[in-house]
Chemist: 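What follows is a structure written as structure tokens; I'll ask about it next.
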Number of protein chains: 2
Amino acid sequence: MWRSMINAVKRDIPDELLVNGKEVYQGKYYMDGKYVKKDSPNTRRFVKPLESKVCGSIREACERCGAHDGMTFSFHTEFRDGDYVAGMVAKVLVEEMGLKDITVAATSLGNAQDVIADYIEDGRVIGVQTSGVRGRIGEVISAGRLKTPAVIRSHGGRPRAVEAGEVHIDIAFLAASTSDCCGNAKGVGGKNNCGSMGFAIHDSHFADHTVIITDTLAPFPNLPSSISAIDVDCVCLVDDIGDAGKISTKEARMTDNPRELMMAEHVADVIAATPYFKDGFSFQTGVGGPSLAVNRFLEEHMLEKNIRMSFALGGTSSAVCRLQDKGLVEHILDTQDFDQGAIDHIFKNPNHHETDLSEYANPANKGAYVNKLDFVVLSALEIDTDFNVNVITGSDGVLRGAPGGHPDTAAGSKCCIIVTPLTRGRMATVCDEVVTVTTPGDCVDVLVTDYGIAVNPLRRDLIDCLDAAGIAHVTIETLRDKAYGLVGTPDRLEWEDQVVAVVEARDGTILDVVRKIRPLHLD
Amino acid sequence: MWRSMINAVKRDIPDELLVNGKEVYQGKYYMDGKYVKKDSPNTRRFVKPLESKVCGSIREACERCGAHDGMTFSFHTEFRDGDYVAGMVAKVLVEEMGLKDITVAATSLGNAQDVIADYIEDGRVIGVQTSGVRGRIGEVISAGRLKTPAVIRSHGGRPRAVEAGEVHIDIAFLAASTSDCCGNAKGVGGKNNCGSMGFAIHDSHFADHTVIITDTLAPFPNLPSSISAIDVDCVCLVDDIGDAGKISTKEARMTDNPRELMMAEHVADVIAATPYFKDGFSFQTGVGGPSLAVNRFLEEHMLEKNIRMSFALGGTSSAVCRLQDKGLVEHILDTQDFDQGAIDHIFKNPNHHETDLSEYANPANKGAYVNKLDFVVLSALEIDTDFNVNVITGSDGVLRGAPGGHPDTAAGSKCCIIVTPLTRGRMATVCDEVVTVTTPGDCVDVLVTDYGIAVNPLRRDLIDCLDAAGIAHVTIETLRDKAYGLVGTPDRLEWEDQVVAVVEARDGTILDVVRKIRPLHLD
């Protein structure tokens with residue numbers, strides 16, 4: 001057995017992780033008001049004028065930037081399932097240069113980066129820091145093949161960790177749709193456009209070295225730019241940085257599932273019943289089917305009350321752009337674009353703004369946008385009777401999800417609504433205890449399911465609002481019982497001792513750990 | 001006598017200044033390729049959502065930000081002679097709060113900050129870090145009243161010094177034309193607009209605390225913003241942040257002096273004679289009469305050759321905006337606006353971009369815009385036969401000038417042209433040895449005076465160009481002799497030992513010192 005400490009969401013955190021000042025989660029405002037001395041990069045002075053930073057190959061860029069054994073490299077995943085750059089770079093570092101003991105610091109990991117799973121298995125990649133982890137990478141990590149525990153952070157937790165010096169990036173390899181010869185780079189104007197580069201900007205400021213990878217060289221100066229040349233060491237021109245057609249996944253499309261639409265309508269009704277639903281309110285939805293569909297029903301309430309949204313925040317889909325085009329949304333603060341419509345919309349509309357991850361959600365800066373958010377609508381893989389949410393591990397305990405901005409928006413917003421069907425297949429979504437806590441229950445206010453609504457008892461004010469509006473609601477225990485009644489009480493998962501991943505709260509404290517699952521999923 | 005070391009511009013630098021790694025100037029590319037670990041701020045975490053950061057008074061903001069004896073505060077001077085904020089803040093710190101041992105880190109200092117001269121005289125302000133220093137502050141520093149030597153830096157040297165940790169700003173007080181309640185701030189939309197806030201942006205990233213001082217509160221989110229709320233601790237609303245009418249000084253107006261116009265025409269002829277004058281060239285002028293007038297003559301050459309400018313850099317006047325409106329300038333990269341026309345032009349024209357001081361000129365980042373500059377036209381108080389330029393001390397040795405971007409653009413550009421009359425009153429402008437070196441001669445290529453043109457012998461290539469174009473030129477010694485013939489050989493200034501100011505080269509090495517003048521100017 002291990003020595004451990006129980007945190008505020010009742011999770012056992014092994015003492016061996018509580019080193020170098022790491023603490024267990026102690027509530028959402030625990031770090032408020034405390035000071036942090038930011039980390040900073042070690043950078044090369046470019047005093048002598050240089051006509052161009054374009055390199056002949058990615059390898060040349062790696063060599064110019066001092067790529068070495070034990071290094072940490074980062075990349076962004078604004079191209080989502082269509083990203084080519086992370087794999088391209090990993091291959092150069094591992095196969096061409098033969099480097100070892102590499103740590104990958106990603107904004108997310110999925111099928112597009114599958115090759116990294118091979119490098120984990122053969123021991124060349126020994127560390128993973130990411131928000132999301134899906135596909136084969138999640139499987140090999142869950143099977144205990146990664147030498148050190150993966151660290152899972154929210155989108156706000158990532159820039160926080162970088163600024164705290166917990167992740168020091170040696171080289172950031174940043175895919176850009178266009179760049180000039182000096183590295184002024186952006187997500188539009190090329191042959192593969194991603195729109196917002198909100199995931200990439202912060203890395204360019206804090207990495208020791210930044211390499212822009214593009215497939216379209218633009219004339220100097222390529223302005224306005226998302227990444228500034230003053231942060232860029234090298235520019236590489238490749239055939240294709242990604243397949244922009246794969247940015248829009250099925251999750252990012254509007255649902256026509258009647259059950260999802262019904263839940264979305266109920267979410268909109270809850271929103272409209274609160275005092276925050278007034279002219280100038282702010283709003284974010286996740287990318288899941290019912291979350292995205294809320295936009296549609298919210299519009300009706302807005303027209304009825306004759307109110308407008310001051311800002312829509314976060315990952316952006318065409319649905320929100322259309323609301324802005326109709327004059328219902330003043331500003332869109334856009335960290336990433338979920339579809340071609342949004343990519344085409346940003347930069348053409350003066351109030352559709354690119355927003356970097358620190359501005360979006362970093363809990364250690366002087367006030368991220370999530371702190372000004374009235375409503376966020378989020379999905380869940382599971383939610384327990386303490387309102388803790390899991391969006392990282394499947395019911396089999398394997399890593400296959402992504403906190404993204406979930407914990408950040410939940411913590412910052414005045415009203416965080418989780419929308420999820422009560423069951424998925426033979427699995428209860430509402431349960432006694434989630435497999436892994438990724439968003440703590442003290443940040444979650446309302447649960448909307450297809451079998452009813454529950455309000456966190458901490459939010460007596462919201463209960464009163466729903467009562468006043470005549471919206472029926474039950475306790476979350478009632479929903480759990482209903483779920484268990486439909487699909488049965490779940491078997492407890494069996495774990496081995498080995499910690500395969502650490503889930504950090506957005507403030508850097510430890511929220512939960514993921515252990516190696518028994519029986520091994522892969523064997 | 002003091003122990004000292006002679007630097008590359010033949011100046012005696014006392015050993016007592018060569019501590020903590022400080023070196024003497026060793027040529028313009030001495031630091032190229034060396035790495036620097038950047039400094040970083042110690043900042044407060046704003047985890048808990050805060051509706052507003054607006055304070056009841058500047059004093060409240062100072063207290064929230066921990067103002068203390070021995071602190072360094074900064075401000076920007078985008079309002080030039082119309083700035084109210086620096087004086088307002090200094091009064092609160094010194095008179096209301098009674099703080100002592102204060103250091104002032106300014107982008108410039110002049111008549112608008114005269115009150116600081118009082119605080120120097122009574123010993124409350126003990127340090128000054130600035131680019132320019134004019135008016136009574138220059139006089140009291142020259143009279144030896146400041147406890148520690150003032151440090152004079154270029155516009156690029158300032159962000160370099162901040163990033164190197166040589167200037168650590170405790171609180172930046174940044175005047176903004178508009179701000180929302182959280183600190184998203186910019187130079188337009190208010191009752192006193194300054195346009196570009198390029199002087200302020202870098203401070204907001206590196207100061208421990210940032211206070212926005214505005215006279216116009218805007219709805220949240222005040223986007224796009226120059227300063228981001230994530231870097232702002234407090235917002236103060238005052239009656240007036242400045243008098244925008246005083247931004248445009250006489251130096252910033254187009255000259256109608258025939259002698260100045262003739263020199264400007266000759267400068268344009270020199271430019272047109274070089275190989276860099278081709279489609280897509282880049283260009284900067286200073287704000288002095290003949291420099292500014294070059295725009296007019298350059299236009300003729302551009303039309304004749306049917307070429308366009310890719311970018312105009314630096315402080316921006318209406319003259320450059322008009323060239324852009326005519327389609328002759330692709331991009332304007334604007335660090336500060338010199339007149340109302342430029343203030344009205346920026347942000348309304350998509351290719352007129354706000355540019356911060358680090359992007360503009362910092363020699364320690366990964367390539368500032370000055371490194372891509374073809375031509376810069378600059379004025380001088382004096383230039384000596386080694387082509388060293390003085391723009392900080394008058395002929396009486398008193399501080400009354402401003403390096404600004406002079407040393408940065410001279411070092412970065414392919415062709416640096418100094419334009420100045422041969423004499424001013426009874427003073428020779430071309431001389432054996434300038435009073436103070438602010439731009440080293442290895443950065444200066446051509447001198448244009450009303451009595452002839454001289455080319456730096458280091459630039460054999462430019463001599464050939466002028467010869468090929470039939471442009472007469474002489475040695476700089478010839479011009480010196482002519483000047484001395486007209487007004488006589490100057491008397492040597494008499495100095496006391498006390499160093500009153502250190503002139504840093506843009507890379508942080510020491511270029512020169514200014515000593516206390518004898519007889520005392522003030523006494």
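Below, chain A is the first sequence line, B the second, and so on; all start at residue 1.
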Chemist: Measuring from A/Asp208:CG to B/Tyr35:OH, what's the distance to the nearest 0.5 Å?
Modeler: 8.0 Å

Chemist: So A/His331 and B/Phe220, ring pair (Phe, Tyr, Trp, His ring centres under 6.0 Å) or not? Walk me through it.
Modeler: CA-CA 10 Å; A/His331 296 275; B/Phe220 182 94; 8.8 Å; no

Chemist: For A/Lys48, is it the side chain, the backbone, both or neither that has a heavy atom under 4.5 Å from a heavy atom of chain B?
Modeler: both

Chemist: Tell me, for A/Val232 versus chain B, whether the close heavy atoms (under 4.5 Å) come from the side chain, the backbone, both or neither.
Modeler: backbone

Chemist: Please confirm whether the backbone N or O of A/Val47 pairs with a side-chain atom of B/Asp32, one donor and one acceptor, at under 3.5 Å?
Modeler: yes

Chemist: Against chain B, label A/Leu50 side chain, backbone, both or neither, depending on which of its atoms sit under 4.5 Å from a heavy atom there.
Modeler: backbone

Chemist: About how many Å separate CG of A/Asp180 and OG of B/Ser310, when rounded to the nearest 0.5 Å?
Modeler: 10.5 Å

Chemist: What part of A/Arg160 gets within 4.5 angstrom of chain B, counting heavy atoms only: side chain, backbone, both, or neither?
Modeler: neither

Chemist: For A/Glu163 and B/Arg45, what are the C-alpha separation, side-chain angles and deciding distance, and is it a salt bridge (Lys or Arg N to Asp or Glu O under 4.0 Å)?
Modeler: CA-CA 12 Å; A/Glu163 293 183 5; B/Arg45 295 178 177 96; over 6 Å; no

Chemist: Give me the atom names and distance for the closest heavy-atom approach of B/Ser358 to A/Ile230.
Modeler: OG-CD1, 3.8 Å

Chemist: With side chain to side chain contact (heavy atoms under 4.5 Å, CB included) as the test, would you mind laying out the steps for A/Asp231 and B/Glu359 before giving the verdict?
Modeler: CA-CA 9 Å; A/Asp231 291 317; B/Glu359 291 179 309; over 6 Å; no

Chemist: Within this structure, what is the OH-CG distance for the pair A/Tyr369 and B/Asn184, rounded to the nearest 0.5 Å?
Modeler: 4.0 Å

Chemist: Identify which of B/Pro41, B/Gly280, B/Ala229 forms the greatest number of heavy-atom pairs closer than 4.5 Å to chain A.
Modeler: B/Pro41

Chemist: A/Cys182, A/Pro219, A/Pro221: which one forms the most heavy-atom pairs within less than 4.5 Å of chain B?
Modeler: A/Pro221

Chemist: Take A/Leu223 and B/Asn351, measure what side chain to side chain contact (heavy atoms under 4.5 Å, CB included) needs, and give me the verdict at the end.
Modeler: CA-CA 8 Å; A/Leu223 294 181; B/Asn351 284 339; 6.0 Å; no

Chemist: Could you check whether any side-chain heavy atom of B/Lys34 comes within less than 4.5 Å of a side-chain heavy atom of A/Arg44, counting everything from C-beta outward?
Modeler: no

Chemist: If I take atom OG from residue B/Ser228 and atom CG from residue A/Asp356, how far apart are they, to the nearest 0.5 angstrom?
Modeler: 7.5 Å

Chemist: Side chain from CB out, backbone as N, CA, C, O: work out which of these in A/Leu373 comes under 4.5 Å of a heavy atom of chain B, or both, or neither.
Modeler: neither

Chemist: For chain B, find which of A/Gly33, A/Gly183, A/Gly412 contributes the most heavy-atom pairs closer than 4.5 angstrom.
Modeler: A/Gly33

Chemist: Select, from B/Leu333, B/Asn365, B/Asn362, the one with the greatest count of heavy-atom pairs under 4.5 Å involving chain A.
Modeler: B/Asn365

Chemist: Let's test your reading of the structure: which of B/His205, B/His209, B/Glu354, B/Lys28 forms the most heavy-atom pairs below 4.5 Å with chain A?
Modeler: B/His209

Chemist: So B/Lys372 and A/Pro49, do their side chains get closer than 4.5 Å, heavy atoms only?
Modeler: no

Chemist: Pick one of side chain, backbone, both or neither for A/Cys181, based on which atoms fall under 4.5 Å of a heavy atom in chain B.
Modeler: side chain

